[in-house]
Amino acid sequence: MTIQSADTAWERMLLEREIERFLYDEAALLDERRFSEWGDLLAEDIHYHMPIRRNVKFGEQHRENTDTESEISWFDEGKRTLMGRVRQLNTGVHWPEEPFSRVRHIVTNVRVMSVDGDEVEVSSNFFVWSNRLRDECVMFIGTRSDILRRDSETGWKIAKRLILLDQNVLLAKVFSTFF
Amino acid sequence: METEELIIDDSERCVFRYHRTTMTSPDVLELERQRIFDRCWVYLGHESEVEQPGDYRRRNVGGRPVFFVRGQDGGVRVFLNTCPHRGALVCRRDEGNTQVFQCFYHSWTYNLDGELLRRPDEAGYSETVDRTEMSLRPPPRVDNYRGFYFISFNPDIEELPVYLAGATEYLDRIADQSEVGIKVSRGSNRYTVRSNWKLLVENAMDAYHLLPLHITYFDYVTDLVKDIPGGGVIKNWRPGVVRVLGNGHVVQESPGLTGRTVAQWHPVMGEDSKEEIEAIRERLVELHGEERTNQIAGTNHALFIFPNLFINDFLFTILRTFDPTAPDRTDCTAWSLVPKDHSTNLQARRLDNFITFLGPGGLGTPDDSEAVESCQLGYQAGEMAWSDLSRGMHREATTADELTMRVFWREWLGCLLGLDGVETADRTPGSRDG
């Protein structure tokens, strides 16, 4: 781990604590379906990418995830399309979320990997539980790699998010939330 | 209930209905396996997925595990994915490149032609047995049309182009998008829906549901293009033409309102792509003439090839298959097709469009999945025994009618009854007396 500018253990701990709190607050916005407020946490130039995971041979880990340019991903988004999804969720006629799901984001294993000026690279794991209607249950488990950027208004903005969902064939019929 | 009673097709009253047990009964699914998936040509994959010798892809087709591989001689071969020795899967990865296939159970090793190369302790086998008996087994029939590979478990089926009938013209239009050919983008969308496979087939060929169900998608697109000159075209959407192609295949044709990356530029596609798209169009005109270029580049096609392949050739081009695993469970797979010589910019634009509408993370497909699962739940109310597909029977049907689905169901019934050459089009009012 390289912590360049947080040069004392104390500062590092405070930074990690601040980042954790930001990620927990973000998760609460999603669970409480405050999607527009969640959108405020996204940087204008965000890249939000969830590749598809392949089943590969040991030793070929570099081939595991689809890329953004020539391969298909689950999500490969900028702010404009993400906010389009937010508007869709907010309409009340987006049928797979009407009636809406009970969603809980559990965010764990938060690690600040590096600091570069105003930007921090953060790794975290997630467990997302979604339950809907009588017995529709979905679990999404995976890891995220974020670039968070300091922001005077919201504390931090998400400038980049890579989401690795631990599934090959999607075990849910739809993605009903953000990660 | 007798099989022929499962469908009411009454051109006098203009009524078309099917009994909902077709969507719920394990017996019907078993019959479909025997008489449709075991007897038709079923889509396997595209030649571009295995470009180099040794490239392979693994699939489930017609309920069988299979894989296909590019041989050293450049030919594509397809094998049932089971070791002739004791049955284990010989190909255990979805994709890759290899010199040989080795079964991990007893290390029997096969070359790319499927021949048994070696096995441990060869002396343990008598020379009276011909080694070729132990070759990997291909499906009974394998063929391709312009790079689209199909297999059939019916040794007596007609040649592939005869089976494809009028669909060949539309596969030609797609294959002719580029003189150097088209390719399948790497990666595929795979997910499971808890509905009968025929509900997904219906959904994919049903334009009647677009505006009511996908209102939020159209709102999204309208918002996206509101500041762009010409963006108002979404409002100009009109139903297109349905063409019945024979053998249960059917296509819907409509004008490409928001442009096509092949090759009709539109302001919503951005100035940065204008020059490239116009150059592609010029080249197509040189190769094919103005009229055919309009067919290739100017119209959207939604092509259905019976029993379970869709090719939606819109702003993007996608392939989709729906594979039943239970009466109420279907595996869905989607691939994106791009011209091999598209720039990175245009390829990315196609992929963006692909994932924006389609798939479990898209703005469209989740509404579809919810709708078909909802139908499957509704079928539990068995007293309401019939579903209705009569829309447009009394007139020249458009894409906004239910003719496409009637075509599918007429062919479906023909297959189940073992009939050849079933007429799948509506009988027009004038011909009703005859």
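Remember, predicted model here, so these are calculated numbers, not experimental data. Keep in mind that the numbers below use all heavy atoms, side chains included, and drop hydrogens, waters and symmetry copies. Below, chains carry the letters A, B, ... as their sequence lines are ordered, and counting in each starts from 1.
- Salt bridge annotation for A:E60-A:R54: absent, with no cationic side-chain nitrogen under 4.0 angstrom from a carboxylate oxygen.
- Between A:E26 and the options A:R161, A:R34, A:R21, a salt bridge (Lys or Arg N to Asp or Glu O under 4.0 Å) holds for only A:R161.
- Residues B:S374 and B:E370 have side chains that never bring a donor and an acceptor to within less than 3.5 angstrom of each other.
- Considering only heavy atoms from C-beta on, A:T108 stays 4.5 Å or farther from A:F127 through its side chain.
- Residue-level contacts of residues 88-97 of chain B with chain A, in order of numbering, are B:R93, B:D94, B:E95; threshold 4.5 Å between heavy atoms.
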- I would like to know whether A:Q88 and B:T216 meet side chain to side chain donor-acceptor pair (under 3.5 Å); could you show each step before the answer? CA-CA 6 Å; A:Q88 186 185 45; B:T216 57; 2.8 Å; yes

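- The candidate from A:T81, A:L171, A:T66 with the greatest count of non-hydrogen atom pairs under 4.5 Å with chain B is A:T81.
- Interface remark: of the candidates B:L213, B:V193, B:D368, B:L213 forms the most heavy-atom pairs closer than 4.5 Å to chain A.
- One finds no salt bridge joining B:R59 and B:D323 here, because no Lys/Arg side-chain nitrogen approaches an Asp/Glu carboxylate oxygen to under 4.0 Å.
- At a 4.5 Å heavy-atom cutoff, A:R53 makes no contact with chain B through either its backbone or its side chain.
- The parts of A:S70 that come within reach of chain B are both its backbone and its side chain, each placing non-hydrogen atoms under 4.5 angstrom from that chain.
- In this structure, A:F75 has its ring center under 6.0 Å from that of A:F175.
- Between A:Y48 and A:F178, the ring planes are perpendicular. Angles over 60° get that label, and only those under 30° would be called parallel.
- For a residue to count as touching a neighbouring chain, one of its non-hydrogen atoms must lie under 4.5 Å from one of that chain's; by this rule B:S188 touches chain A with the backbone only.
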